[in-house]
Amino acid sequence: MNRELRRHSYIRPPRLRSPRPAVMSIAVATYTPPPPSWSHQIRVAAAQGHFRNAISLFLQMRASVAPRSSVPASLPSALKSCAALGLSAFGASLHALAIRSGAFTHRLTANALINLYCKSRGLYHSPGREAISSGALEGARKVFDEMLERDVVSWNTLVLGLAEQGRHQEALSLVRKMCNDGFRPDSFTLSSVLPIFAENANVKRGMEVHGFAIRNGSHNDVSVGSSLIDMYANCTRTDYSVKVFESLPVRDPILWNSMVAGFAQNGSVEEALGIFRRMLCAGVRPVPVTFSSLIPAFGNSASLRFGRQLHAYVIHAGFEGDMFISSSLIDMYCKCGEISIARRIFDRMASPDIVSWTAMIMGYALHGPAREALMLFERMELGNAKPNHVTFLAVLTACSHAGLVDKGWKYFNAMSDHYGIVPALEHCAALADLLGRAGELDEAYNFISKMQIKPTASVWSTLLRACRVHKNTMLAEEVAKKIMDLEPRSIGPHVALSNMYSASGRWNEAAHLRKSMRNKGMKKDPACSWIEVKNKLHVFVAHDRSHPWYDRIVNALNVFSEQMAHQGHVPNTEDILQDIEEEQKTYALCGHSEKLAIVFGIISTPPGTTIRVMKNLRVCIDCHTVTKFISKLAEREIVVRDASRFHHFKDGNCSCGDFW
DNA sequence: CTAGGGTTAG
């Protein structure tokens with residue numbers, strides 16, 4: 001080799017043979033390093049997350065001749081592994097071993113025991129009674145109380161245990177006690193306490209913790225940061241979440257996900273997408289959590305286009321097998337009207353969990369095919385998914401939207417009889433809704449009156465709507481008054497009552513009611529409908545003439561109206577809430593947002609294209625009738641998602657069977 | 001030995 005080159009090379013050429021003298025080689029060969037101790041191996045395994053290995057090594061150690069000291073040295077790691085694997089009975093037996101071996105007095109062991117009992121809800125070893133008792137959190141408390149010297153970890157572990165099991169007040173008072181004992185809450189304490197104020201949506205207390213974190217210097221901690229972001233987002237204060245996020249010097253993937261989730265859960269689709277894009281630009285790789293947080297936002301706003309794009313991204317990233325993501329995709333496609341795509345994703349799942357089943361069942365409930373929903377429920381029962389209260393809400397909704405009274409009663413009764421689930425307000429509301437829709441008004445009235453839980457205005461409102469549909473004025477009057485007592489500012493019952501007074505010639509009462517409505521400044525929620533055409537979202541607010549195609553839309557609508565009038569259609573003004581004359585009401589109907597959106601869809605898309613329209617409120621009676629006509633006249637399939645369900649209009653009929 | 005982000009409904 002060239003001498004020049006060798007002088008300049010940084011790496012010496014490798015030697016193939018050892019340059020050491022033979023004597024040295026013999027010395028090396030006879031030296032055998034001591035094998036790593038049992039406890040060392042166990043600690044390493046647990047630290048790397050190989051919990052099963054750690055436990056298996058621990059058992060091997062116990063079966064072998066190991067020094068006495070190896071038990072206390074390995075117990076913290078063994079207990080950590082039990083906590084992670086949920087081996088509560090074995091963990092409790094380690095508690096007994098800890099006492100026998102004297103390791104119980106070690107702080108690390110005691111802390112690990114507190115953690116074990118906090119994580120496993122089940123058994124704990126009770127030394128006094130030489131038995132295993134249930135109610136593990138009490139076991140944690142006992143270990144904590146009996147400790148000779150506690151450290152911050154002891155306090156933090158118990159605080160988190162209490163917080164995670166919903167014992168919020170106890171957790172908070174423990175934090176006060178720890179301060180009195182001279183321990184300063186650290187970042188662990190704060191990120192365990194913040195979720196409490198997130199859950200209770202208590203910004204005031206949450207901000208106090210935020211202030212404490214700043215004084216404490218732990219506000220730059222990523223765990224505290226993500227807890228703060230989540231807390232503020234849960235209190236609908238995403239503006240504060242943003243401030244926390246922007247002020248953090250270091251951002252890890254969890255922080256980005258907290259922001260995505262915070263916006264998504266508050267319905268801020270644009271902002272959630274914005275953070276997602278920024279995250280990608282910053283070179284942070286999305287994880288499954290990112291998608292399962294983001295995707296539900298597209299379902300709730302029915303943005304099928306974005307939902308599809310994210311689905312493609314999920315496939316590209318190889319996250320298709322994630323159960324959370326699959327469930328969120330099922331839900332998103334159902335809410336965007338694409339129930340068959342949702343079903344395909346569901347069918348491809350290896351073992352759908354209860355959330356996946358529920359999302360699919362709810363999808364059918366919203367779209368109408370109740371039989372399909374109930375078939376899925378029966379099929380689910382054959383597997384190992386246990387229905388929960390949301391599942392029953394989905395089943396009852398399905399029955400309600402299809403008028404299946406007997407089935408509805410059957411499932412409602414089965415909840416408490418066979419599944420140990422106490423019907424909550426929303427289940428009672430669903431059943432009341434079912435009875436009312438089916439025309440069993442008196443039964444619905446009796447059911448609501450005898451409910452265990454005090455019925456809210458919204459429960460009575462479903463009955464009021466049923467009374468109007470089934471033209472029971474007497475009952476409607478009574479129900480409307482009940483709602484007005486519960487919610488004096490609610491506009492629905494006022495309008496219903498005033499319309500009934502007018503219809504029965506009780507002019508004075510009608511006028512009086514309308515006057516008081518005006519005095520209270522009551523206004524209807526602004527209705528809006530939206531439709532996506534060529535990747536552009538067109539939003540229509542009632543009577544809003546700002547759309548560039550407004551005139552063309554009205555012209556087309558008039559053509560449809562003439563044809564309908566020709567076929568004997570009389571505009572139905574029951575849903576018009578203003579205090580105006582009949583002729584003006586008919587005119588008002590023409591400006592309804594869903595009509596504008598549907599007609600715009602028809603004149604701006606090629607023949608045969610399915611029209612998909614979303615509305616923030618329920619479809620009005622007249623619009624529903626008109627849309628049925630339009631579906632036939634224009635030979636279009638029209639899918640409308642309103643506030644309560646989907647309507648598939650085709651050939652002059654609607655999938656809801658005129659009940660919604 | 002202790003901590004933060006996710007799916008169905010409301």
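Here is how names work: the chains are called A, B, and so on, in the same order as the sequence lines, proteins then strands, and each is numbered from 1. Here the structure is a predicted model, which means the values were calculated and not measured.
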Engineer: Of the nucleotides B:dC1, B:dG4, B:dG6, which has the atom closest to the A:Phe324 side chain?
Structural biologist: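 The nucleotide sitting nearest to the side chain is B:dG6.
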
Engineer: CZ of A:Arg184 versus P of B:dT2: gap in Å, rounded?
Structural biologist: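 Interatomic distance, CZ of A:Arg184 to P of B:dT2: 24 Å.
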
Engineer: What does A:Leu160 touch in the nucleic acid at a heavy-atom separation under 4.0 angstrom: a base, only the sugar-phosphate, or nothing?
Structural biologist: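 Sugar-phosphate only.
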
Engineer: Once you round it to whole Å, what is the distance between P of B:dT8 and CG of A:Leu393?
Structural biologist: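 Whole-Å distance recorded here is 13 Å.
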
Engineer: Only one of A:Arg141, A:Met147, A:Lys142, A:Lys119 passes side chain to side chain contact (heavy atoms under 4.5 Å, CB included) with A:Ile114; say which it is.
Structural biologist: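 Option passing the side chain to side chain contact (heavy atoms under 4.5 Å, CB included) with A:Ile114: A:Met147.
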
Engineer: Mind checking if A:Pro195 touches a base, just sugar-phosphate, or nothing, with heavy atoms under 4.0 Å?
Structural biologist: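 Touches nothing.
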
Engineer: For the side chain of A:Val289, counting heavy atoms from C-beta on, which of B:dG4, B:dA3, B:dG6 is nearest?
Structural biologist: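 Comparing B:dG4, B:dA3, B:dG6 against the side chain of A:Val289, the answer is B:dG6.
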
Engineer: Is it the case that the base of B:dG6 and the side chain of A:Ser293 share a donor-acceptor contact (distance under 3.5 Å, atom types as modelled)?
Structural biologist: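 No, no donor-acceptor pair under 3.5 Å.
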
Engineer: Kindly assign one of parallel, tilted or perpendicular to the pair A:His427 and A:His389, based on the angle between their ring planes and the thresholds 30° and 60°.
Structural biologist: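 Ring orientation, 0 to 90° scale: perpendicular.
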
Engineer: As a test of reading the structure: which of B:dC1, B:dG6, B:dA9 is closest to the side chain of A:Ile325, going by heavy atoms?
Structural biologist: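 The listed nucleotide nearest to A:Ile325's side chain is B:dG6.
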
Engineer: Between B:dC1, B:dA3, B:dT7, which nucleotide has the shortest distance from any of its atoms to the side chain of A:Ser191?
Structural biologist: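 Of the options given, the side chain of A:Ser191 lies nearest B:dA3.
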
Engineer: Select one nucleotide: of B:dC1, B:dG4, B:dA9, the one nearest the side-chain heavy atoms of A:Val390.
Structural biologist: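 Nearest to the side chain of A:Val390 among the choices is B:dA9.
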
Engineer: Does A:Ser292 contact B:dG6 through a side-chain donor or acceptor facing the base, at a distance under 3.5 Å?
Structural biologist: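 Donor-acceptor pair under 3.5 Å: yes.
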
Engineer: When you get a sec, tell me which of B:dA9, B:dG6, B:dT8 is the closest nucleotide to the side chain of A:Ala359?
Structural biologist: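 Of all the options, the side chain of A:Ala359 is nearest to B:dT8.
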
Engineer: Is the distance between the ring centroids of A:His95 and A:Phe104 under 6.0 Å?
Structural biologist: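 Yes, close enough.
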
Engineer: Taking CG from A:Asp230 and P from B:dG4, how many angstroms apart are they, rounded to a whole number?
Structural biologist: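 Answer to the nearest Å: 11 Å.
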
Engineer: Consider the side chain of A:Ile254, meaning its heavy atoms from C-beta on, and name the nucleotide among B:dC1, B:dG4, B:dG6 that approaches it most closely.
Structural biologist: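 So the side chain of A:Ile254 is nearest to B:dG4.
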
Engineer: Looking at B:dG4, B:dT7, B:dT8, which one has an atom nearest to any side-chain atom of A:Lys335?
Structural biologist: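 That would be B:dT8.
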
Engineer: Would you say the ring centroid of A:Phe144 lies under 6.0 angstrom from that of A:Trp155?
Structural biologist: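 Between A:Phe144 and A:Trp155, the centre distance is under 6.0 Å.
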
Engineer: Using the salt bridge (charged side-chain N to carboxylate O under 4.0 Å, His left out) criterion, which residues pair with A:Asp145? Sequence neighbours excluded.
Structural biologist: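 Testing A:Asp145 for salt bridge (charged side-chain N to carboxylate O under 4.0 Å, His left out), a comparison that skips the adjacent residues, returns none.
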
Engineer: Is atom CD of A:Gln452 surrounded by more than 12 heavy atoms (other residues, nucleotides or ligands) closer than 6.0 Å?
Structural biologist: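 It does not: A:Gln452 CD has 12 such atoms or fewer within range.
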
Engineer: Base, sugar-phosphate alone, or nothing: which one does A:Asp186 contact when heavy atoms must sit under 4.0 Å apart?
Structural biologist: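 A:Asp186: no heavy atom of the nucleic acid under 4.0 Å.
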
Engineer: Quick one: label A:Val260 by what it contacts on the DNA or RNA (base, sugar-phosphate, nothing), any heavy atom closer than 4.0 Å.
Structural biologist: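 Nothing, no heavy atom under 4.0 Å.
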
Engineer: Atom CZ of A:Phe298 and atom C1' of B:dT8: how far apart are they, to the nearest Å?
Structural biologist: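 For the pair A:Phe298 CZ and B:dT8 C1', the rounded distance is 18 Å.
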
Engineer: Which whole-number value in Å describes the distance from A:Glu149 CD to B:dC1 C1'?
Structural biologist: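 To the nearest whole Å, that distance equals 13 Å.
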
Engineer: Give a yes/no on whether any side-chain N or O of A:Asn115 is located under 4.0 angstrom from OP1 or OP2 of B:dT2.
Structural biologist: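 Answer yes for this pair, as a side-chain N or O of A:Asn115 is under 4.0 Å from OP1 or OP2.
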
Engineer: B:dT7 base to A:Ser327 side chain: any donor-acceptor pair below 3.5 Å?
Structural biologist: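 In this structure, the two groups form a donor-acceptor pair.
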
Engineer: Please pick, from B:dC1, B:dA9, B:dT2, the nucleotide with the shortest atom-to-atom distance to any side-chain atom of A:His389.
Structural biologist: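 Nearest listed nucleotide: B:dA9.
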
Engineer: Using a heavy-atom cut-off of 4.0 Å across all strands, would you classify A:Leu255 as base, sugar-phosphate, or nothing?
Structural biologist: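 Counting heavy atoms under 4.0 Å across all strands, the contact made by A:Leu255 includes a base.
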
Engineer: OP1 or OP2 of B:dT2 sitting under 4.0 Å from any side-chain N/O of A:Lys80?
Structural biologist: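 Answer yes for this pair, as a side-chain N or O of A:Lys80 is under 4.0 Å from OP1 or OP2.
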
Engineer: Kindly state each residue pair satisfying side chain to side chain donor-acceptor pair (under 3.5 Å) with at least one member in residues 343-352 of chain A, sequence neighbours excluded.
Structural biologist: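 As it turns out, the side chain to side chain donor-acceptor pair (under 3.5 Å) pairs with a partner in residues 343-352 of chain A, which skip direct neighbours, are A:Arg343-A:Asp347, A:Arg343-A:Tyr364, A:Arg343-A:Glu372.
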
Engineer: Taking atom P of B:dT7 as reference, at what distance in whole Å does atom CD1 of A:Ile361 sit?
Structural biologist: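 So the two atoms are 19 Å apart, to the nearest Å.
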
Engineer: Report which part of the nucleic acid A:Ser258 touches: base, sugar-phosphate, or nothing (heavy-atom distance under 4.0 Å, all strands).
Structural biologist: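 Sugar-phosphate contact only.
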
Engineer: Give a yes or no on whether a donor-acceptor pair under 3.5 Å exists between the nucleobase atoms of B:dG4, that is its base, and the side chain of A:Asp221.
Structural biologist: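 No such pair is found, so the answer is no.
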
Engineer: Are any of A:Lys119's side-chain N or O atoms less than 4.0 Å away from OP1 or OP2 of B:dC1?
Structural biologist: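 Result: no.
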
Engineer: CD1 of A:Ile196 versus C1' of B:dA3: gap in Å, rounded?
Structural biologist: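 Result: 13 Å.
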
Engineer: Round to the nearest Å and state the distance from A:Asn388 atom CG to B:dT8 atom C1'.
Structural biologist: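 Value for this atom pair: 8 Å.
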
